[in-house]
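Numbering starts at 1 and runs along the sequence shown. Counting convention: from 1, in listed order, for ligands and their atoms alike.
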Amino acid sequence: MLYDIIIIGGGPAGLTAAIYARRAGKTVLVLEKDALGGQITWSPKVENYPAIPSISGLELGNLMAEQAMDQGAEVEIEEVVGIEDRGSVKRLRCAFGAEYEGKTVIIATGAKPRMLGLDREEELVGSGVGYCAVCDGAFFQGQPVAVNGGGNSALQDALLLSETCSRVYLIHRRDRFRGEEKLVEALRERENVEFVLNASVRELLGGDELSGIVVEQNGAQRSIAVSGLFVAIGHEPDNSAFADLITLDQSGYAEAGESCLTKTEGVFVAGDCRSKQVRQVATAAADGAVAALAACAWLDREA
Ligand code: NAP
């Protein structure tokens, strides 16, 4: 089948694009490599999305996915590894050999968690080192854990973990947090949360399982016994598979203005994978709407 619009990525940007495109009467396929909802599903609480005072990221992501599918968007769990531009038809190649064809493509691949780059970090993923407190926090009930980062993700992770873990060390490389003051205040009130500021994780301790970390703070080294380390130091894009069709900036984000247009006719980008200042659910959803309407206008012009 030749779809009008194939959307790569099932996060808020991709799902909003799907809703708008379906409401414009276009055939839509969403290709998502993991789970629908995207990064937001890792947020324990979202309290800044208009009209929804408080909701878990997982629930918000599920609601968006349901809405897109109720509108008639098709969904496949596939990782797109390349796009061949045949002019009026784009052929998408997936990791396990499947191929899909669309008249237009919206790239809404979001971003993946940034790693610390420490020795044995990859080896200890799932054995103490994690990037998603919502997904893995429950494994550390009653145990001491650390969270590294100073943005909203780290603050929210620390809050969530402080509800079930014996102690939470919040390690941040500066003495000021990038995340919201309201979250910092809430953490200050938790007796089992300790701020470890001006500090960086230097070493992961333990054998097959993490047993502690070495932290460098103000020039001195300190060992902290923890069973879990949640790394929440931001995200980076994963756009390399599309580098021949879109221009990437120095950090790998897709260069496209607010119009979401790329240098390739019929290829659009939306959400966190795009070069932009503010990466929020609201701005991702906004991009999804813009990209979908741009794709619809392009299809109507070419028809
Ligand atoms: P972020 O805001 O970019 O924060 C990343 C944090 O990690 C910063 O504090 C940064 O330190 C630190 N960091 C970066 N690289 C590091 C390194 N190599 N070593 C140690 N620390 C490092 O990322 P985020 O918290 O994932 O949030 C991303 C976006 O999503 C933000 O706009 C955030 O507001 C939003 N968000 C929203 C919600 C929500 O609405 N519910 C939830 C989570 C996130 P510096 O401060 O020193 O640069």
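- The nearest non-hydrogen atom to atom 16 (C) of ligand 1, considering only Arg174, Arg176, Arg173, comes from Arg173.
- Protein heavy atom closest to atom 23 (O) of ligand 1, with residue, atom name and distance, is Gly234 CA, 3.5 Å.
- In the candidate list Gln156, Met115, Gln280, Glu47, Gln280 is nearest to atom 32 (O) of ligand 1, counting heavy atoms.
- Under the 4.5 Å side-chain heavy-atom criterion for ILVMFWY residues, a single connected hydrophobic cluster contains both Val193 and Val145.
- Ser251 places no side-chain N or O within donor-acceptor distance of the main-chain N or O of Tyr253, the cut-off being under 3.5 Å.
- Here the protein heavy atom with the shortest distance to atom 36 (N) of ligand 1 is Asn152 CB, 4.0 Å.
- Here's the thing with Ser153: one of its N/O atoms is less than 3.5 angstrom from an N/O atom of ligand 1.
- Here is the list of ligand 1 atoms found below 4.0 Å of a heavy atom in Lys45: 41 (N).
- When distances from atom 28 (C) of ligand 1 to the protein are checked, no heavy atom turns up under 4.0 Å.
- In terms of polar-atom proximity, Gly150 is counted as a contact of ligand 1, with an N or O under 3.5 Å from an N or O of the ligand.
- Using a non-hydrogen distance threshold of 4.0 Å, Glu180 does not register as a contact of ligand 1.
- The backbone N or O of Thr27 sits less than 3.5 Å from a side-chain atom of Asp4, completing a donor-acceptor pair.
- Residue His235 approaches ligand 1 through these ligand atoms, each under 4.0 Å from one of its heavy atoms: 26 (O).
- Not one N or O on the side chain of Arg23 forms a donor-acceptor pair closer than 3.5 Å with the backbone of Gln71.
- Grouping Ile, Leu, Val, Met, Phe, Trp and Tyr residues whose side-chain heavy atoms lie under 4.5 Å apart, directly or via other members, places Val80 in a hydrophobic cluster with Met1, Tyr3, Ile6, Ile8, Leu29, Leu31, Ile83, Leu92, Tyr100, Val105, Ile107, Phe242, Leu245, Ile246, Leu248, Val267, Val269.
- Note on residues 131-163: pairs passing ring pair (Phe, Tyr, Trp, His ring centres under 6.0 Å), not counting sequence neighbours, are Phe140-Phe230.
- The single protein non-hydrogen atom nearest to atom 48 (O) of ligand 1 is Arg178 NH2, 2.6 Å, given as residue, atom name and distance.
- At least one heavy atom of Arg114 sits closer than 4.0 Å to an atom of ligand 1.
- Shortest contact from atom 30 (O) of ligand 1 to any protein heavy atom: Arg279 O, 3.5 Å.
- Checked by atom type and distance alone, the side chain of Glu121 pairs as donor or acceptor with a backbone atom of Gly117 at under 3.5 Å.
- Of the N and O atoms on the side chains of Thr109 and Asn239, at least one donor lies less than 3.5 Å from an acceptor on the other residue.
- By the 30° and 60° cut-offs, the orientation of the rings of Phe195 relative to Phe177 is perpendicular.
- Residue, atom and distance of the protein heavy atom nearest to atom 18 (N) of ligand 1 are Ile233 CD1, 3.7 Å.
- Using a 4.0 Å cut-off between a side-chain N of Lys or Arg and a carboxylate O of Asp or Glu, Glu74 and Arg22 do not qualify as a salt bridge.
- Considering only non-hydrogen atoms, atom 39 (C) of ligand 1 lies nearest to Asn48 out of Leu60, Thr283, Asn48.
- Atoms of ligand 1 lying under 4.0 Å from at least one heavy atom of Ser43, given by number and element, are 42 (C), 43 (C).
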